[in-house]
2 protein chains.
Amino acid sequence: MLRIAPPTQKQIAARLGVSQSLVSRALSGNAREIGATDVTIKKIQRAATEWNYQPSATALALLGAPTRTIGVIVKNFDDPYFGKLIGALQSLASDSKHSLLLTGPSKEDLSGLQRHRVDGVIMAGSDFQPEGLTTFARAGMPVVQIGTGTAFPGATQIHMDEKSGIDEVVHYLAGLGHREIGFVAKEAGANRRRAEMLRHALRACGLYVRAKSFVSFEGTDGQAAERTVKALLGLARMPTAVVAAEDSIALALLRAFHEAGLRVPQDISIAGIDDIAASAQSIPPLTTLRQPISEMAAAAFHAIGGRQHARVSIPGKLMIRRSCATNLTHKIIP
Amino acid sequence: MLRIAPPTQKQIAARLGVSQSLVSRALSGNAREIGATDVTIKKIQRAATEWNYQPSATALALLGAPTRTIGVIVKNFDDPYFGKLIGALQSLASDSKHSLLLTGPSKEDLSGLQRHRVDGVIMAGSDFQPEGLTTFARAGMPVVQIGTGTAFPGATQIHMDEKSGIDEVVHYLAGLGHREIGFVAKEAGANRRRAEMLRHALRACGLYVRAKSFVSFEGTDGQAAERTVKALLGLARMPTAVVAAEDSIALALLRAFHEAGLRVPQDISIAGIDDIAASAQSIPPLTTLRQPISEMAAAAFHAIGGRQHARVSIPGKLMIRRSCATNLTHKIIP
DNA sequence: AGTGCATACTCATACGTATGAGCTTGACTA
DNA sequence: TAGTCAAGCTCATACGTATGAGTATGCACT
């Protein structure tokens, strides 16, 4: 089958019997300045819309115009949180007539971005530094990272204010009477920092920090949660509330505790971080610290345009649902 | 700050004291044919890698080369199923050195795809026909739809074989002794077709089709599930098993039934369709018909390359987990 | 009739790359 | 000493668009 390309200015010009340059000016709206007639301009514009003319982005890019294309690097699409984030970014891009070029973190992906001359790069995810991205930043390309972890030299970093958020979670749990608060996380950089923040928050509330209550969630299989719950149940001083470093872990714990015969929140309270879609539909609905996704997306877009090397910290929001309850067990213990 | 663009062939040529055309040939590997020396070729290649040369995709596109860019149209990013699908597509794109241009379904988004001269378009989602996409197909652009619903003229449609899948679900439930099987769905085209398939499957298993057991899930708020469960509980002949048209609905039902005091699966069995990430972590883990996401993604890529106007139907997989149990209630009733 | 000048355009060039055709240099042949 | 030929390059052009500079036409004024 014949591949019919959209018409070019040249083709339109030929059919109307005018020059390509006049078509260009008529369509970009500055034909007046060189004295073209309204009649001619209208004629050209009508022909363009009728034949469904679309300027070639590639030709424009060649002239040095911005490509109106923003690279988005995502390492792990499995995380439901990224789906939302990409959606928010896409919506913003659409509004400002931009497009998103979606790629992975590999070297080839990055050179793809470079070949396409993207106007900027947004990388979504904590603690991953694609090899060669620093080259981009050094070359003057706006680079924005949404997530925590070590920032790139010359990149804007945007993230939830985890410290205040975790403070709020701990304050909330302490207010419910919990004195023994545990933490469950996978052994990654971002989570280690969250653990440190939790320790700090616990101390600030005058609570004791028990090393053994900080349990690592090992593995990705279905049994990982069971193992973690077992470890938690085996503790001499079992926590009455557990903070999970991510909602996906919190949801897995919810199920594992249920299967172990413990009721959430009557027997143990669980709080998460992220507020993924499933968290509102779990049994019980999960109390969690919501990532300010649309705000972060907006900040990222703004940063791409503004060329500011900054760190933007946006407060999260504690979604109080039903997975945390007043502590009855340890109420008396000082 | 100065925006440093990557070097061009011209710049490399100037610094090495050769012509741009020689650089072009040396880098594209056909310098031999015009008799260039190995020494010169190596010299140019070394300089190119050293200065991190990347060919301008825009210049190549201008020459008529494929842009190695595939448009992906997504209407609704909230659905966790699309996150997985996009991930699968991205991975395939990466492997074949393509990029994904992610856009929404609006008219501006579509013209963005046209301006960027994408090599093909994949639209993810059932029952949405972006205005103007047919123009693309007519112009000879490969268009692939992943999802059910009315296909475009000239587009390849790829979807799960829902009919066989639903047959399998019903057969499974009937095998567990269920005679009264209900259906819950939002009132959309795709779901209406699924309802029809369910009716057909019920009849094929010799089960009675009760109009009242086909309940619509109205609204998107938290109470929608409660309302649905109330409607189900109010039925004269309450189903002992319920098929939900989407996992997100099934999960909401799981919670609503639990809050209404019914145990799943002892008191009522629930099956879903899609197998989103949360379904494996629900209480109880959801038995559901898994969308063959990576297979569909692969088929979509293949179709973009192959220019076949076809319908590809890929079998789903019934993930038997723990939300369906043997029917004890109606066991005796014929 | 010649000059000035506004009107309504067209021409030519650049962007970065690929590629067919042309050019220079030196060695070898007649 | 001119002629042939191959080796190793360079030149010129096209792609689609924007834009500074140029051009043809008509009209008024002296």
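A note on names: the letters A, B, ... follow the listed sequences, proteins ahead of strands, and every chain is numbered from 1.
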Check your understanding: Do the side-chain N or O atoms of Q11(A) get closer than 4.0 angstrom to the phosphate oxygens (OP1, OP2) of dG16(D)?
Key -> no
Review point. The side chain of T37(B) lies closest to which of these nucleotides: dG8(D), dC15(D), dA18(C)?
Key: dG8(D)
Revision key, fill the gap. When L22(B) and T8(B) are each assigned the nearest nucleotide of DNA chain C, the 5'-most assignment goes to T8(B)
Practice item. For the pair Q54(A) (side chain) and H116(B) (backbone), establish whether a donor and an acceptor sit closer than 3.5 Å, ignoring hydrogens and angles. Key: no
Check your understanding: Given atom CD of Q9(B) and atom C1' of dT10(D), what is their separation to the nearest angstrom?
Key -> 15 Å
Review point. For I12(B) and dA18(C), what is the distance between atoms CD1 and C1' respectively, to the nearest whole Å?
Key: 15 Å
Point to revise | Contact under 4.0 Å: K10(A) side-chain N or O vs dC15(D) OP1/OP2 | key: yes
**Study point:** Rounded distance in Å - CZ (R25(A)) to C1' (dG16(D))
**Key:** 15 Å
Practice item. Give one of base, sugar-phosphate or nothing for T40(A), where a contact means two heavy atoms less than 4.0 Å apart. Key: sugar-phosphate
Review point. Would you find a donor on one side and an acceptor on the other, under 3.5 Å apart, between the side chain of Q129(A) and the backbone of T150(A)?
Key: yes
Practice item. Verify the distance criterion only: is there a donor paired with an acceptor across the side chains of T148(B) and S126(B) at less than 3.5 Å? Key: yes
Exercise for review: Look at the side chain of S21(B) and decide which nucleotide, out of dA12(D), dG20(D), dC9(C), has an atom nearest to it.
Suggested key: dA12(D)
Check your understanding: So what does V18(A) hit on the nucleic acid, given a heavy-atom distance under 4.0 Å: a base, only sugar-phosphate, or nothing?
Key -> sugar-phosphate
Review point. Within this structure, what is the CG-to-C1' distance between L16(A) and dC9(C), rounded to whole angstrom?
Key: 14 Å
Review point. Roughly how many Å is it from CD1 in I34(A) to P in dC11(C), rounded to a whole number?
Key: 13 Å
Review point. About how many Å separate CD of Q90(A) and CG of L92(A), when rounded to the nearest 0.5 Å?
Key: 9.0 Å
Review point. Under 6.0 Å from the NZ atom of K43(A), do we count more than 12 heavy atoms belonging to anything else shown?
Key: yes
Point to revise | Strand contacts (DNA chain D) in residues 49-66 of chain B, 4.0 angstrom heavy-atom criterion | key: L62(B), L63(B)
Review point. Is there a donor N/O on one and an acceptor N/O on the other, under 3.5 Å, for the side chain of Q20(B) and the base of dA18(C)?
Key: yes
**Study point:** Flag, side chain of D119(B) to backbone of R68(B), donor-acceptor distance under 3.5 Å
**Key:** yes
Review point. For the pair made of CZ in R115(A) and P in dT17(C), what is the distance, rounded to whole Å?
Key: 12 Å
